[in-house]
Amino acid sequence: QVQLVESGGGLVQAGGSLRLSCAPSGRTFSSYTMGWFRQAPGTKEREFVAAITSNDDNTHYADSVKGRFTISRDSAKNTVYLQMNSLKPEDTAVYYCAATQVPASAVRNRYRYNYWGQGTQVTVSS
């Protein structure tokens with residue numbers, strides 16, 4: 001069974017940094033576009049955070065995190081990372097890793113992702 005396993009969440013003060021990791025099991029995801037989404041407390045929707053495409057490692061970011069977050073892929077380790085700097089209280093959410101094979105034009109659409117992790121909590125205190 002294919003699984004995506006996130007790690008690296010935790011509690012950090014505003015202005016601090018965290019690095020999330022996503023390690024797939026059961027399959028190599030080198031041919032997949034990998035994305036990060038988040039769901040804030042009390043909200044129903046998971047919002048797009050960042051994605052890295054499979055063929056050329058192009059990156060895409062939500063405006064709210066651009067310049068602060070960096071998504072990267074280590075193909076040798078079959079792992080995707082989300083480096084989060086200058087964290088703000090509004091970044092508090094459960095962060096999910098996801099995988100898809102859709103074109104780059106669709107990477108912001110959470111409904112186009114086939115595989116999801118269980119989520120990791122990120123809490124930023126003010």
Review point. Is there any disulfide bond (SG atoms under 2.5 Å apart) pair reaching into residues 71-126, and which pairs are they, with sequence neighbours excluded?
Key: Cys22-Cys97
Point to revise | Short side-chain to backbone donor-acceptor contact, Tyr113 and Val107, under 3.5 Å | key: yes
Exercise for review: Answer yes or no: is there a donor N or O on one side and an acceptor on the other, between the side chain of Thr100 and the main chain of Arg112, under 3.5 Å?
Suggested key: yes
Result block: side-chain N/O donor-acceptor pairs under 3.5 angstrom for residues 119-126, not counting sequence neighbours:
residue	atom	partner	partner atom	Å
Thr120	OG1	Gly9	N	3.3
Gln121	NE2	Ala93	O	3.4
Gln121	NE2	Thr123	OG1	3.3

Revision key, fill the gap. Value for OG (Ser21) from CZ (Arg19), rounded to nearest 0.5 Å, stands at 5.0 Å
Check your understanding: Hey, mind stepping through Leu4 and Phe29 against side chain to side chain contact (heavy atoms under 4.5 Å, CB included) and telling me if it holds?
Key -> CA-CA 10 Å; Leu4 299 177; Phe29 275 77; 4.0 Å; yes
Check your understanding: According to the ring-ring contact (aromatic ring centres under 6.0 Å, His included) rule, which pairs have a member within residues 75-112, sequence neighbours left out?
Key -> none
Review point. Is a side-chain donor or acceptor of Thr59 paired with a backbone partner of Ile52 at a separation under 3.5 angstrom?
Key: no
Check your understanding: Is the backbone N or O of Tyr61 less than 3.5 Å from a side-chain atom of Arg108, with the two atoms forming a donor-acceptor pair by type?
Key -> yes
Practice item. Using atom types as modelled and distance alone, determine if a side-chain donor or acceptor of Glu6 lies under 3.5 Å from a backbone N or O of Gln118. Key: yes
Check your understanding: Looking at residues at least two apart in the chain, or sitting in another chain, which of them share a ring pair (Phe, Tyr, Trp, His ring centres under 6.0 Å) with Phe48?
Key -> Phe37
Point to revise | Full working for side chain to side chain contact (heavy atoms under 4.5 Å, CB included) between Leu18 and Phe69 | key: CA-CA 10 Å; Leu18 283 173; Phe69 291 11; over 6 Å; no
Review point. Taking a hydrophobic cluster as the set of Ile, Leu, Val, Met, Phe, Trp and Tyr residues connected by side-chain heavy atoms closer than 4.5 Å, whether directly or through intermediates, do Tyr32 and Val102 fall within one such cluster?
Key: no
**Study point:** Lys/Arg N to Asp/Glu carboxylate O, Lys88 vs Asp91, below 4.0 Å
**Key:** no
Review point. Looking at residues at least two apart in the chain, or sitting in another chain, which of them share a side-chain contact (heavy atoms from CB on, under 4.5 Å) with Ser17?
Key: Gln83, Asn85
Review point. Which heavy-atom pair separates Ala23 from Thr79 by the least distance, and what is that distance?
Key: CB-OG1, 4.2 Å
Check your understanding: Quick one: does Ser64's side chain get under 4.5 Å of Arg38's, heavy atoms only?
Key -> yes
Check your understanding: Taking C-beta and beyond as the side chain, do Val80 and Ile71 meet within less than 4.5 Å on heavy atoms?
Key -> yes
Point to revise | Distance, nearest 0.5 Å, that separates CG of Leu87 from OG1 of Thr92 | key: 8.5 Å
Exercise for review: State whether the side chain of Thr53 and the backbone N or O of Asn58 hold a donor-acceptor pair below 3.5 Å, judged by distance alone.
Suggested key: yes
Revision key, fill the gap. Contacts satisfying disulfide bond (SG atoms under 2.5 Å apart) that involve residues 53-89 (not counting sequence neighbours) are none
**Study point:** Single-linkage hydrophobic cluster, 4.5 Å side-chain cutoff, Val94 and Trp116 together
**Key:** yes
**Study point:** Validation row: Leu20, Met84 side chains within 4.5 angstrom (heavy atoms)
**Key:** yes
